[in-house]
Amino acid sequence: MAQHAITLTINGEWEQVVVPSQMTLLQMLREKLARTGTKNGCMAGECGACTVLLNGEPVNSCMVLAVECDGMHIVTVEGLMQDGVLDPVQHTIIEHGGVQCGFCTPGILISARALIDRNPDPSEDEIREALVGNLCRCTGYLRIVDAVKDAAALSRQAATL
Amino acid sequence: MTINAHPELPEFDYIRPATLEEASRFLSDHAGEARPLLGGTDIFVRMRDGFWHDKYLVDVKNLDGTDNLHFHPTAGLTIGAGVNMNRVMTMLEVQQYYPVLAEACRSVASYQLRTRATIVGNLCNASPAGDTIGACMLYDGVLKVHGVDGYRDEPLKTFFLGPGKTVLKPGDIATAIQLPRPPAGSTGTYIKLGRNTWSDLSIVGVTALGSREPASASGYSFHVALASVAPVPLEVPAVHSYLSENNITPEAFIEAARLAQQACNPIDDVRGSARYRKAMVKKLTEKALLITLDRLEGRE
Ligand SMILES: Cc1cc2nc3c(=O)[nH]c(=O)nc-3n(C[C@H](O)[C@H](O)[C@H](O)COP(=O)(O)OP(=O)(O)OC[C@H]3O[C@@H](n4cnc5c(N)ncnc54)[C@H](O)[C@@H]3O)c2cc1C
Ligand code: FES
Ligand code: FES
């Protein structure tokens with residue numbers, strides 16, 4: 001069984017890890033590095049609970065090999081908060097009550113952050129399309145969509161300050 | 001008993017060759033136990049479900065220009081094997097000259113899956129349900145392939161042999177899909193009938209592409225390709241001939257849709273029955289042709 005020594009950043013910190021070929025990015029985060037914010041819902045690319053940013057773009061971490069991430073930059077839900085301040089998507093999802101059991105939330109937050117980064121003023125349809133790969137069994141999505149709309153507005157305000 | 005619908009990946013060795021020559025040689029030396037890896041979005045599912053047992057996955061991303069996405073005003077579009085679908089569908093020239101390809105990409109799975117999924121992977125996986133295959137066929141796509149004897153071209157029209165089967169041999173690596181520049185003003189649509197609006201594999205998929213064609217009796221050229229209704233992705237030449245020779249009227253579109261229905265040979269599966277699929281091919285082909293005409297005439 002081939003082992004690979006890889007180097008990557010996770011939420012801005014450099015990590016050196018030795019991983020077997022078949023270990024996914026999701027397994028490495030949860031089982032090797034104890035970053036359990038990222039969730040394992042299906043291991044099939046369907047539910048989005050495992051979504052993280054890989055070089056700034058969202059991916060299903062259950063569908064990426066850890067060894068493929070050598071030299072890359074990963075952001076997980078634990079990395080959204082900056083200097084003790086919640087990211088606007090975290091702040092508004094709490095305000096709107098967009099969290100029930102919370103299992104989908106880390107993936108939703110990452111997809112939402114990525115959407116606002118590429119499209120600062122998304123329409124409701126654009127928000128729904130960007131979240132199509134993030135399943136939520138609890139909330140019915142309405143509060144999540146409203147939260148993302150408000151988070152985009154907050155992020156735009158912060159950008160003009 | 002524990003129920004584990006999607007187990008961990010089985011053991012294999014991940015190989016990252018330095019050159020295409022090395023990659024082709026390795027794949028050829030290990031025929032039957034090695035396969036090329038791009039996004040892995042098909043491979044990992046098949047391995048977890050126990051259908052594929054490869055000993056080696058050979059990563060062909062980032063090899064000798066497989067990461068290039070390039071539009072040339074005369075030569076057309078070259079999409080490197082490693083280029084993900086989000087990159088393709090957001091490229092300005094793709095939206096302008098190959099709108100049907102952009103639309104087809106957009107129908108695939110979710111944003112985060114498309115960060116990994118590639119068009120070349122979709123083609124090489126050769127599923128009759130592959131959403132981007134119809135557009136690549138109708139845009140006259142040619143795969144650039146690197147094998148143990150060097151480069152060659154494989155036109156998509158003769159590429160697919162059956163579900164999951166293509167003309168590729170051990171050692172062959174598709175390095176890019178090339179799409180010549182389409183006729184000025186050409187446009188069309190991709191209609192995907194899934195169990196939900198987004199993110200499911202198609203029950204039926206209809207790709208339509210049209211342009212004005214002064215040399216044909218009708219003054220138009222229309223092409224149609226069908227997904228999920230035959231063992232291979234299916235282009236229907238009868239639609240093209242009929243709509244080149246006859247006046248373009250709503251009735252002509254109904255007759256062309258009947259020809260598409262006649263050409264397909266669907267099966268019953270979990271997503272839909274053969275009878276339902278046949279009925280939908282007719283309805284959706286007619287609809288796709290009407291949308292294409294509207295877009296050609298600037299009515300949409
Ligand atoms: C949750 C989920 C949803 C999906 N939804 C859709 C959908 O809506 N529509 C759709 O069409 N597909 C869908 N798929 C299937 C898959 O995402 C696509 O087929 C994708 O385009 C495959 O690309 P890839 O780069 O991931 O290929 P890979 O998985 O890396 O490879 C696919 C196949 O091609 C071979 N191959 C790869 N690269 C090469 C090469 N360079 N030369 C020769 N052979 C090669 C591989 O060995 C393998 O057999 C879905 C998959 C998942 C997991
Ligand atoms: S755990 Fe990765 S998509 Fe569900
Ligand atoms: S809050 Fe429970 S799955 Fe979304």
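Here is how names work: the chains are called A, B, and so on, in the same order as the sequence lines, proteins then strands, and each is numbered from 1. Remember, predicted model here, so these are calculated numbers, not experimental data.
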Without swapping roles, check the side chain of B/Arg48 against the backbone of A/Met43 for a donor-acceptor pair under 3.5 Å.
-> yes
Could you look at A/Leu54 and say if it's the side chain, the backbone, both or neither that has a heavy atom under 4.5 Å from chain B?
-> side chain
Between A/Ser21 (side chain) and B/Tyr14 (backbone), is there a donor-acceptor pair under 3.5 Å?
-> yes
Side-chain heavy atoms of B/Glu11 within contact of A/Gln22, under 4.5 Å = yes
Is it the case that B/Tyr111 and A/Glu57 place a side-chain donor and acceptor less than 3.5 Å from each other?
-> yes
Go through the steps for B/Gln112 and A/Met63 under the test side-chain contact (heavy atoms from CB on, under 4.5 Å), then give the verdict.
-> CA-CA 10 Å; B/Gln112 56 266 60; A/Met63 299 297 284; over 6 Å; no
Segment of B/Leu37 engaging chain A (4.5 angstrom heavy-atom cut-off) | side chain
Between A/Asn60 and B/Leu113, is a side-chain contact (heavy atoms from CB on, under 4.5 Å) present by the stated rule, with each step listed?
-> CA-CA 6 Å; A/Asn60 305 95; B/Leu113 202 90; 3.5 Å; yes
Under 4.5 Å, heavy atom to heavy atom: which of residues 149-158 of chain A reach chain B? Give them by number, or say none.
-> none
B/Leu9 side, atom CG; A/Gln27 side, atom CD - distance, nearest 0.5 Å = 7.0 Å
A/Thr24 and B/Phe44, any side-chain heavy atoms less than 4.5 Å apart = no
Set of residues satisfying salt bridge (Lys or Arg N to Asp or Glu O under 4.0 Å) with respect to B/Arg271, sequence neighbours excluded = none
Heavy atoms under 4.5 Å from chain A: which residues of residues 57-66 of chain B carry them?
-> B/Asp59, B/Lys61
Any side-chain heavy atom of A/His4 sitting closer than 4.5 Å to one from B/Arg16?
-> no
Check whether any side-chain N or O of B/Thr115 sits under 3.5 Å from a backbone N or O of A/Pro58 as a donor-acceptor pair, and report yes or no.
-> yes
In terms of heavy-atom contacts, A/Gly133 and B/Ser110 come closest through CA-CB, 3.4 Å
Which atom names give the shortest non-hydrogen contact between A/Val64 and B/Arg116, and what distance separates them?
-> CG2-NE, 3.6 Å
May I have all residue pairs that pass salt bridge (Lys or Arg N to Asp or Glu O under 4.0 Å) and include part of residues 81-100 of chain A, sequence neighbours excluded?
-> A/Asp87-A/Arg113
Could you tell me which portion of A/Asn55 (side chain, backbone, both or neither) has an atom closer than 4.5 angstrom to a non-hydrogen atom of chain B?
-> neither
